[in-house]
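In each ligand, atom 1 is the first atom listed, and ligand 1 is the first ligand listed.
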Amino acid sequence: MESSSAATVSAGPGPGPAPVDLLRRLRARGAGDPVTHVERVPARAGVPAPWPSWAPEELRAAFAGRGVTAPWQHQADAATLAYEGQHVIVATGTASGKSLAYQLPALATLLADPRATVLYLAPTKALAADQLRAVAALELEGVRPACYDGDTPRAEREWIRRHSRFVLTNPDMLHHGILPGHAQWSGFLRRLAYVVIDECHTYRGVFGSHVAHVLRRLRRQCARFGATPVFVLASATSGDPATAAGRLTGLPVTAVTEDASPRGGVTFALWEPPLLPPDSGSSSPVPPQATGEHDDLHQVRRSALRETADLLADTVAEGVRTLAFVRSRKGAEVVAANARRALDDAVPGLGDRVAAYRGGYLREERRELERALLHGDLLGLASTNALELGVDLVGLDAVLICGYPGTRASLWQQAGRAGRSGQEALAVLVARDDPLDTYLVHHPEAIFGAPVEATVLDPANPYVLAPQLACAAVEAPLTPADLVLFGDGAKEAVDQLVAAGALRQRPTGWYWRHRERPEVDLRGEGGAPVCVVESSTGRLLGTVDGGSSHFLLHSGAVYLHQGVSYVVDDLDLADGCALVHAEEPDWSTHARDVTDVSVVSVRSYVDAGPVGMFLGEVDVTSQVVSYQRRRIATGEVIDTRPLDLPTRELRTVAVWFTLSPQSLTLAGVQPADVPGALHAAEHAAIGLLPLMATCDRWDIGGLSTAVHPDTEAPTVFVYDGHPGGAGFAERAYGTASAWLRATRDAIAECGCETGCPSCVQSPKCGNGNNPLSKPDAIRVLDVVLANLPE
Ligand SMILES: [Zn+2]
Ligand SMILES: [Zn+2]
């Protein structure tokens, strides 16, 4: 959700130094040049379009009253396609005004047809509330927009169902409330003209697969009442948006991707903190005996947090209004505190002009912060992404991004904060010490030249499909036509539900046999969700899906919830509940597991001589056995503590490759080095997969072995960490040569000698990053790439 007009005030301190001069001074500070690339993103003039002829005067006047005098071309194009009845996705950049693209056709239709209705879906309640304010501010007669979610008082719900013609909700409420109660919603659904799906790139992985079926259930109910609504989707810039939207809705969708909104120019620098000397004192990790690990781990880079803090202090000293994005709240505080200290050392009192922004501020506090930045009382702010929600900061001179935010889409969203009223701005991406960040700062084309990543989801996942079909059967018996609607695998899933006694087949369809509805949580999978409860108050903070609970909620784990830090006292698996207390220690925790993989079936494979590439089902057996505590500021390992948790089984989808032992010997990999070579390649491959798919390395797992009982060859497995798979392994298989090429380059180009977190070490390794062989990993990948067809 974003506002369609960009009416902003520009005041405060005068313009700072030109970005190019500023950057020159920043990079001249230390020994060596940390800047690996400078990209000049040119300013772009907007392309306005006339109001579409079908847009009624009343609506144009209402938008004009809110400061929107004409649409941009992409808004007009998408709006007209939707108005003409085509399903459309508009996928453009931050602040490009995607809202207008769906508001225009939806509201024009509501004005023209006094009976028509619109359903708007946002991933969060807060975004729906923002959009409600925007629509309500247009003050259109008879539209009666209203939010309908978990917070809506019972007393208002019936009024909304009967009278609102623009209902704003989220997929969870659609799933738990509206679809099961379709009889009460029949009047609304019968007249449904548009379904708007905002921020649809957030529906990815298993959650996205669930939402895809919730939308099919919605289409089914609409069809029963004779309605065929048009779907309008809005997305951040993403790769192949038409295909992703088609998978999400099950409908043919046209994409509008040409952004016609204006943008200021940005000088974008990629910054790699220097490697510290192998035996440098304070920043070197603890000696091996303290961690029980082997001793190849010493070479590390200066931490991205320290580097960002220094840059923040330097830009503030130059009078430049700067925002630093840091992943965690604690990290943001470390950056702000270090920058304040450095500034106070230089000029006592100057540190007061830097602050940390934490989530959970009240609206007035956020406005105060905006005011202080606008007027220059505050010059530097270190923030988590919480800032994305609700603070309207525009007109910053520089943005520092501490660590790659996971997707190019988020990167551009954060960098998009820089630049006030058409002025030039500076953006700096500071690389963290991991393979993906390192690869990116050495491969600017992967950031500036590449299309943004595709949103990945897999509606055919049987672990999603079966429970969703059960929900659908409760809403109305399933018919053969429904099997087509729900797509690949639906018939098998129905047969399974019949065999399990959940459905009964009759001549008129498949009927749900139980009294109770099935319990299906869209956001949780892999076993019942575990509740996170604050011990002192009994307050429920949230839930974590069963699959991640051992990793995230073991005793002693530091658990972040909406930017606030808690420490877990006890994980009670029998009760499905973790007791926590609020505490912000200056360490983070990292769980480790031991894993076994066995092949269940092969879906597809490529036979490439000595190399085989496979996609298939596997059973993964794993056990979380210990966790490490690490200092937040430096990443230094404090200690490793044992855990006593049960083994778990996961049936999922994996991609794997095998190599013949002869090909490895020919490539110069000694038999004794094969385990370390495969292990290093596996780590780096997992680290680089987010380049191909919108997952992060915590969504996927891996295993490598010199000889696997099922493949009888040296093998590297990479699997989806979700039951039934989430589409990531499939994506890896589909892009195998590009993915492994990037992996190979990331390892080869890392400046370390024996492997480091920037290339082959993994923060979640179950084996303490042992054994690893960096040079042999390159040889392994060269063999694979030489044989694998492009
Ligand atoms: Zn390295
Ligand atoms: Zn490992």
Check the angle between the aromatic planes of Tyr439 and His443 and answer parallel, tilted or perpendicular using the 30° and 60° thresholds.
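Judged by the thresholds at 30° and 60°, the geometry between Tyr439 and His443 is parallel.
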Only to 10 degrees, please: what angle do the SG atom of Cys750 and the SG atom of Cys752 make about the Zn ion (ligand 1)?
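Value returned, to the nearest 10°, is 110°.
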Can you tell me, to 10 degrees, how wide the angle at the Zn ion (ligand 1) is between SG on Cys756 and SG on Cys759?
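So the angle at the metal works out to 120°.
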Have His550 and His554 got a donor and an acceptor in their side chains that come within less than 3.5 Å?
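No, no side-chain donor-acceptor pair sits under 3.5 Å.
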Using distance alone, with no hydrogens and no angle criterion, decide if Ser565 and Tyr559 have a side-chain donor and acceptor under 3.5 Å apart.
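There is no such pair (donor and acceptor under 3.5 Å, judged by atom type) between the side chains of Ser565 and Tyr559.
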Of all N, O or S atoms in His683, which has the smallest distance to the Zn ion (ligand 2)?
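Going by distance to the Zn ion (ligand 2), the closest N, O or S atom in His683 is NE2.
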With a 6.0 Å cut-off on the ring centroids, do His37 and Phe448 count as close?
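When the ring centroids of His37 and Phe448 are compared, they turn out to be within the sub-6.0 Å range.
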